[in-house]
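Notes to accompany the following structure.
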Amino acid sequence: MSKVDTKLYEVLKERGLLYQCTDEEALKKMLESGVPITLYEGTDPTADSLHIGHCVPYCILRRFQKAGHKVLLLMGGATACVGDPSGRQELRKMMTKEQIAENIEKIKNTLKVFLDFDGDNPAVIVNNADWFKDYSYIDFMREIGVHFNVNKMLSSEIYANRIEEGGLTFFEMGYMLMQAFDFVHLNRSHGCTLQYGGGDQWGNIVAGVELQRKLNFANGTNINLIGATNPLLLTPEGKKMGKTERGAIWIDKDKISAYDFYQGVYQTPDACVEMMFALFTDVAMAEVREMIKTDIVAAKKRLSFEVTKFVRGEEDAILAQSMSENLFANGGDDAPIMEVAKAEFPMGICDLLFKTNIAPSKSEGRRLVQGGAITFKNEKVSDFNLQISADDIGDGALLKKGKKVFIKVKLA
């Protein structure tokens with residue numbers, strides 16, 4: 001295992017990534033000691049993909065892993081069956097165990113963008129369904145439930161919206177107990193001493209720290225757990241980032257084109273640009289602040305390129321940047337060029353849309369054609385079964401989506 005970077009605490013503070021902490025002085029000492037620690041972040045797999053707003057904690061875990069610490073990713077196979085009531089006005093939709101298992105498998109691939117699952121310090125995925133499945137209700141309540149005060153729980157911000165709506169269920173109240181026990185269990189099984197999560201999870205994280213303190217008193221142990229949060233990535237209106245007027249900024253390549261991803265990042269509100277740089281890039285913060293102060297438009301272009309490069313790779317970043325710059329150029333005369341091997345033709349129009357990144361998938365290409373959004377050589381395409389030949393490409397053919405997204409296809 002590589003040497004531990006003792007500057008991590010300084011980096012987290014300088015980039016504004018440490019928002020709350022149950023014992024910041026102890027955390028500082030841990031991270032500056034040169035001794036690797038084990039930490040975790042929990043995710044309930046309520047969807048089969050992640051958008052950019054979901055990935056804030058993973059950006060921080062990535063820094064811990066690169067600094068030499070052990071990272072655990074907890075997939076809430078059990079807690080997702082209950083649903084986190086934090087900030088909710090109504091009971092979350094019940095999910096089947098099969099849906100949850102399927103979502104976990106799909107999310108695993110997305111996480112590889114942020115974390116290394118190989119090498120000598122691989123990130124490890126754990127699932128709380130593995131330790132809750134054989135835990136009887138009576139045993140759990142006798143060991144864990146006895147340490148939770150209902151009056152204190154009801155005063156927590158976690159339950160505020162549900163109480164206000166008059167619909168908080170006993171079922172949902174169990175969520176805090178389960179998440180608190182996750183921390184205790186991971187300490188017992190993996191030596192985990194730090195939980196990191198979004199600011200909206202503060203109450204649940206503190207519950208785990210306090211649960212261990214009460215277990216220390218009951219069992220005569222002396223185990224110290226630390227909870228920390230990152231600031232939420234919020235728009236000036238107070239909404240979580242991750243979606244724009246163009247739709248969600250998905251991490252998975254098959255859900256969004258390189259161009260739409262780049263443009264989604266570019267739509268970051270001015271007030272959020274600094275935090276996006278802090279999270280998704282390694283650009284020095286002094287340089288970031290100077291860019292924002294001098295030219296916010298140039299800063300957002302740099303941000304869009306850097307984040308696209310990080311998530312999707314440099315080739316996609318260059319392509320998306322070129323396409324974006326041409327929006328304000330000569331209506332396509334200087335369109336970005338993509339070369340496609342002559343041997344690949346004839347090719348269906350939907351295949352070509354996918355090949356050129358204009359559509360994130362062939363099915364989306366079909367939908368675009370059916371919606372009248374695609375033109376080829378300045379003629380609207382109405383048949384999604386249209387076959388494009390090498391002769392159709394000739395010396396170069398302009399392929400467009402709407403009025404602003406275009407690329408010139410040439411034969412390689």
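- The side-chain heavy atoms of Phe114 and Phe280, taken from C-beta on, include a pair separated by under 4.5 Å.
- Here Phe261 pairs with nothing under the ring pair (Phe, Tyr, Trp, His ring centres under 6.0 Å) rule; sequence neighbours left out.
- Listed by chain and residue number, Thr235, Pro236, Met241, Cys272 satisfy the side chain to side chain contact (heavy atoms under 4.5 Å, CB included) test with Pro269 (two or more places apart in sequence, or in another chain).
- With sequence neighbours excluded, the residues satisfying salt bridge (Lys or Arg N to Asp or Glu O under 4.0 Å) with Glu24 are Lys13.
- Glu102 is linked by a side chain to side chain contact (heavy atoms under 4.5 Å, CB included) to Lys106, counting only residues two or more places apart in sequence or in another chain.
- Ion pairing of Glu25 with Lys28 is absent here, as no side-chain N (NZ or NE/NH1/NH2) approaches a carboxylate O to less than 4.0 Å.
- Side-chain atoms of Arg289 and Lys293, non-hydrogen and from C-beta on, never get closer than 4.5 Å to each other.
- When atom types are taken as modelled, the side chain of Thr356 and the backbone of Leu353 share a donor-acceptor pair closer than 3.5 angstrom.
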Next on the checklist: Walk me through whether Tyr58 and Thr110 qualify under side-chain hydrogen bond (donor to acceptor under 3.5 Å, both in side chains).
Outcome noted: CA-CA 11 Å; Tyr58 306 131; Thr110 302; over 6 Å; no
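- Considering only heavy atoms from C-beta on, Ile226 comes within 4.5 Å of Met30 through its side chain.
- The structure places NZ of Lys300 at 11.0 Å from CZ of Phe277, a figure rounded to the nearest 0.5 Å.
- Using a 4.5 Å heavy-atom threshold, the side chains of Ile60 and Glu41 count as separate.
- Annotation: salt bridge (Lys or Arg N to Asp or Glu O under 4.0 Å) contacts of Glu143 (sequence neighbours excluded): Arg188.
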Next on the checklist: Walk me through whether Asn121 and Val71 qualify under side-chain contact (heavy atoms from CB on, under 4.5 Å).
Outcome noted: CA-CA 9 Å; Asn121 182 31; Val71 169; over 6 Å; no
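- Checked against side chain to side chain contact (heavy atoms under 4.5 Å, CB included), Leu232 has the following partners two or more places apart in sequence or in another chain: Asp200, Leu234, Lys240.
- By the 4.0 Å N-to-carboxylate-O rule, Asp116 lies too far from Lys66 to be salt-bridged with it.
- With hydrogens and angles ignored, the 3.5 Å screen pairs no side-chain donor or acceptor of Ser322 with any backbone N or O of Ile318.
- In this structure, Tyr9 has no ring pair (Phe, Tyr, Trp, His ring centres under 6.0 Å) partners at least two apart in sequence or on a different chain.
- For Val206, the side chain to side chain contact (heavy atoms under 4.5 Å, CB included) partners are Thr22, Trp202, Glu210, not counting sequence neighbours.
- Taking Asp295 as the reference, nothing meets the side chain to side chain donor-acceptor pair (under 3.5 Å) condition, with sequence neighbours excluded.
- Residues passing the ring pair (Phe, Tyr, Trp, His ring centres under 6.0 Å) test with His147: none are found, sequence neighbours excluded.
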Item to check | Candidate pair Ile388 and Leu386, rule side-chain contact (heavy atoms from CB on, under 4.5 Å), full reasoning | outcome: CA-CA 7 Å; Ile388 307 297; Leu386 177 68; 3.7 Å; yes
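- The side-chain heavy atoms of Val265 and Val311, taken from C-beta on, include no pair separated by under 4.5 Å.
- Look at Arg15 and Asp282 and you find no salt bridge, because none of the NZ, NE, NH1 or NH2 atoms lies under 4.0 Å from a carboxylate O.
- Residues Glu287 and Arg302 are paired through a salt bridge, judged by an N-O separation under 4.0 Å between the basic side chain and the carboxylate.
- Residues that satisfy the side chain to side chain donor-acceptor pair (under 3.5 Å) test with Asp139, not counting sequence neighbours, are Ser136.
- Asn216 contributes a side-chain N or O that, together with a main-chain N or O of Ile223, makes up a donor-acceptor pair within less than 3.5 Å.
- Under the rule for a ring pair (Phe, Tyr, Trp, His ring centres under 6.0 Å), the partners of Tyr40 that lie at least two apart in sequence or sit in another chain are Phe183.
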